[in-house]
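Below: one structure, written as structure tokens.
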Amino acid sequence: MADLRTEEMELNMGPQHPSTHGVLRIVLKLDGEIVLDAEPHIGYLHRCFEKHAENLTYPEIIPFTDRLDYIAAMNNNLGFCVTVEKLMQLEIPERAEYLRVLVAELNRIASHLLAFGTYGMDMGAFTPFLYAFREREHILDFFEAICGARLTYNYVRIGGVARDVTDESLKLVEKFLEDFEPHVHEYNDLLSYNRIFLKRTVGVGILSPEAAISYGVTGPNLRASGVHWDLRKDEPYSVYDRFEFDVPKANTEIGEIGDCWNRYMIRMYEMIESVRILRQVLNQIPDGPTMAKMRAAIRPPKGEVYMRTETPRGELGFYILSDGKNKPVRVKGRSPCFTAMSAFREISRGLMIADITAVIGSLDIVLGEIDR
Amino acid sequence: MELLSSLIFMLVIAAALLGFVMLLALILVLAERKVSAYMQDRVGPRRVGPFGSLQTIADAIKLLLKEDIISLQADRKLFILAPYLVFVSSFAVFAAIPFGRNLIASDINIGILYIMAISSVVVLGIIMAGWASNSKWALLGAMRSAAQMVSYEIPLALSILSVIMLVGSLRMQDIVGAQSGGLFSAQNRWILLDNPFTFLAFFIYFISALSEVNRTPFDLPEAESELVAGFHTEYSGMRFALFFLAEYANMFAVSAIAVTLFLGGWSGILPGYTFLNGVPGFVIKVSVLVFVIMWLRWTLPRLRVDQLMSVCWKYLIPIAFFNLIGVGVWILIFD
Amino acid sequence: MTVTAAMFYLFAVLTVGSAVLVVTTRNVVYAAFSLMLTLCSVACLYVMLHADFLAATQVIIYVGGILVLVLFGVMMTSGKLDMKLRMERGRLIPGSLVGLILLALLIRIIYQSPWQVQDTNMLESTTKSTTQSIGESILGQYLLPFEIVSVILLVALIGAVLISRKEVKEIEES
Amino acid sequence: MIGLQHYLVVGAILFVLGMFAVLTRRNAIAMLMGIELILNACNLNFVAFSRYVTANVEGQMIAIFVIVLAAAEAAVALAIILAIYQELRSISPDETNTLKG
């Protein structure tokens, strides 16, 4: 009796829509308010990153990685540099490694704060957004102090970091960490355990662990589905193996494994873990140079390399094919948001329109990285 | 001659009310921006005029000067008519709100019923706007809005009914008169405190009223993160300003009605403090309620449409029904 | 002309004019919104007849309830394309003929019947408001009809839910 | 002076218009609107009689019952119309003849 259905309505969500987190277009097939199918159309932010990279020297590519995931540019810098260093088998000075972890974890917090704030906004709560920005501001102040930029840093370089930090700027971090932890509890009181918020997110948009793995979903989204996998623990790069921290996993206390609430909450837990790492970094940070000794022109040996790092959004991988010249032959980025987005269609079937924004927000996508 | 004079009289009253509503909306918009700013750790508007007090006037001028866009596919006649319908019906509510002993435009003997009747016309204006825009977002918003407002009118009416049962009159001034004793007196105290059931009725009224005026957590018709802007997606400039004006007028109206029904209206708060009698006391009480509405808006997330409906039909309506019976039993036993 | 007369003519013209629009417009949505105008002006006529409670009821139930239902029906059963109403020419002429004859007949009857018009101030002079009188008659003289009507409402409610429910069930099965 | 007859004439015009709609419209919802017009016409008459002839609220009582029944009727009618629409993709009463023997 399929012809008895009411008419399906096709609804164009985006590219200009308040809650698609960038320029994403989703074609919804609706039966009333129920979503029968949601087909994402991407590519509005395509900037030919991979093709550009073929015509640039290695250090010149780093600013382009800033613009992939512009919310967590430090992590992108780090991912690319670590890949080139792996190809060159370069030894990095201790202090530089610690600084890299410092900025990466701070940027992780900044990125998760943004995810938290915009998610509140997707749910109709406007205020948490500005609270999140208040804290993010401190982190950006620190970044400004160390590299002069607030969004696209170009701070992590091949062989180390661009500049050393002063003790005063490290004080900024210390002060921020002291302020920040109580604020996370404030956020939890304000939004995370709000009855209406729970109603909107618990049990909505469930991504099963099997589906998550088969779609290649990584990062917080994967851990929210109950899979214990964090590259910082399981495939440590930089000096992550020296720090003590837990990898938060989805809990069934309130939500179901893999629902929007867990995807949201995992980020709140991760911020606390990042604070733990940052405290250890500040305690252990050694003195020394911040740049490895190497030749000015970077020419990695012939060969290919694939290296993946854990960004706030998941597994960011770079594949580089080098022919020994100062420009790569081929660069390929593996974007965590892209795989998260590919799972979106399956998650969203049978939900309501309002849940679509809940799912997109909980996946925490950045279109700059999906489209590259 | 008689015709002319009464016509002029009516026009003067209407103009005075209109001016009042305009002024009110300007103040309320500014208040909302300031309240939200302080809640969000910012300072809000402060450039135009002292402490940004002229900001909304600047905004209003901006809205009036904007290009009046009517999309080609829209149904022109209804598109133009809809904002006026919404505004007029929310404006007409003010005719029966008692601001003071003699400050009521028309103290008709079915006052509260009139208010309910007039405010139900707003739904039609919203459907009209949504349909005439010929945009799917607007239509979805309008459908949601209609379903929401029609549903929440039931608990709203039931909670009002318990007040009417207690007072025995639909006239607004009679309702105020029944609570002239103030907050704590043994006789004629606020209906809110008259008995436990009316206490509950106030909250039922308040929740339903929030929904009727589309405020968070029930602001689904214009949920900006889902439906762009709901039924007024396609509106801009002047016409959008009318919707905006109507929203704030409505917010004040439901608070004023709540004050009149449950919190003693313009009659004093405490006996002895005569300066709180009349308009000042009324304004204070209404401001408190308006502040609570703003407070909720900047704190709470938004419900989903099916949850909104289940809140109404599964919880509010049954509770309101039993509450009404409770009020009746209370009157039978104690009065 | 007195105020009352002026207002009567205003609302009478509004009522009739919008009703004409209801039956002649080719757009269902226009018809529905004209119906709103008709209903509201009829409510105003009620007010002029000292039936204030009834006027409020008319607006609450007709405009706030029935008309919203009708509009939902219109929007669900017609896409933007077939919003146009067809009027069969074959029926137009007999229809208007019958209407005109009936109208002439009715008006003739209205003006020729010897109506027993009472002292018009009787209602106004009573102390009771109409609301009170209506309340008393509902729970007194008209108690039985009142109860029957409430049962009918319940039946209609269940019936309407049942009819529209059927379709939902079949979707679930398919 | 406005009297009973004025209201009766308005009622008569409303009634005829409603009947005209029911006779000529080929859309079930438009016909429903015609029926609403007819109901309003007789309500107007009832109220006018209650004001000028009986001078009590009996006419208004009848009008209230009519309004309530109109609400019930509209609910059921629209449910039926929607069901028919889903079945036949049309709400013209002429095409709804599957029950014909």
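Quick note on labels: first sequence line is chain A, next is B, and so on, each numbered from 1.
In this structure, C/Asp52 CG and D/Gln60 CD are separated by 7.5 Å, a value rounded to the nearest 0.5 Å. Between atom CG of residue C/Leu45 and atom CZ of residue D/Arg51 there is a gap of 12.5 Å, rounded to the nearest 0.5 Å. Atoms CZ and CG, on D/Phe20 and C/Leu102 in that order, are 13.0 Å from each other to the nearest 0.5 Å. Taken to the nearest 0.5 Å, the CG atom of C/Leu54 stands 11.5 Å off from the CZ atom of D/Phe46. From C/Ile138, atom CD1 reaches atom CD1 of D/Ile64 across 5.5 Å, with rounding to the nearest 0.5 Å. Going from atom CD of D/Glu58 over to atom CD1 of C/Ile134 covers 12.0 Å, rounded to the nearest 0.5 Å.
Centroid-to-centroid, the aromatic rings of D/Tyr7 and C/Phe8 come within less than 6.0 Å.
Heavy atoms of D/Leu78 lying under 4.5 Å from chain C belong exclusively to its side chain. Contacts between C/Val20 and chain D at a heavy-atom distance below 4.5 Å involve backbone atoms as well as side-chain atoms. In this structure, chain D has heavy atoms under 4.5 Å from both the backbone and the side chain of C/Leu103. Of the atoms belonging to C/Phe53, it is side-chain heavy atoms, and not backbone ones, that fall under 4.5 Å from chain D. D/Met61 touches chain C through its side chain: at least one heavy atom from C-beta onward sits under 4.5 Å away, while N, CA, C and O do not. Residue D/Leu17 touches chain C through both its backbone and its side chain, counting heavy-atom pairs closer than 4.5 Å. Residue contact with chain C, scored on non-hydrogen atoms closer than 4.5 Å, involves the backbone and the side chain of D/Ile80 alike.
With hydrogens and angles left out, the side-chain atoms of C/Gln58 and D/Asn43 include no donor and acceptor closer than 3.5 Å.
Of all non-hydrogen atoms in D/Leu14 and C/Ala19, the two that sit nearest each other are CD2-CB, 3.5 Å. The nearest pair of heavy atoms linking D/Ala74 to C/Leu69 is C-CD1, 4.4 Å. Nearest approach of C/Tyr62 to D/Ala70, heavy atoms of both residues: OH-CB, 3.4 Å. Of all heavy-atom pairs between D/Val10 and C/Ala12, the closest is CG2-CB, 3.8 Å. Listed here is the closest heavy atom pair of D/Ala72 and C/Leu153: CB-CD2, 4.0 Å. In terms of heavy-atom proximity, C/Gly95 sits nearest to D/Thr24 at CA-CG2, 4.3 Å.
Contact count against chain D (heavy-atom pairs under 4.5 Å) is highest for C/Leu106 among C/Leu67, C/Leu100, C/Leu106, C/Val155. Between chain D and the residues C/Val16, C/Ile109, C/Thr57, the most heavy-atom pairs under 4.5 angstrom are made by C/Val16. The candidate with the highest count of non-hydrogen atom pairs below 4.5 Å against chain C, out of D/Ile13, D/Val76, D/Ile67, is D/Ile67.
Counting only heavy atoms from C-beta outward, the side chains of D/Leu8 and C/Tyr111 never approach each other to under 4.5 Å. Contact annotation: the side chain of C/Val23 approaches that of D/Leu37 to within less than 4.5 Å [non-hydrogen atoms, C-beta and beyond]. A 4.5 Å side-chain heavy-atom check between C/Val22 and D/Glu36 finds every atom pair outside the cut-off.
At a heavy-atom separation below 4.5 angstrom, chain D is approached by C/Leu35, C/Thr38, C/Leu39, C/Val42 within residues 34-44 of chain C.
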Steps toward side-chain contact (heavy atoms from CB on, under 4.5 Å) verdict (C/Ile66, D/Glu73): CA-CA 9 Å; C/Ile66 297 177; D/Glu73 170 242 345; over 6 Å; no
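Other residues, nucleotides and ligands place no more than 12 heavy atoms under 6.0 Å from the CZ atom of C/Phe146.
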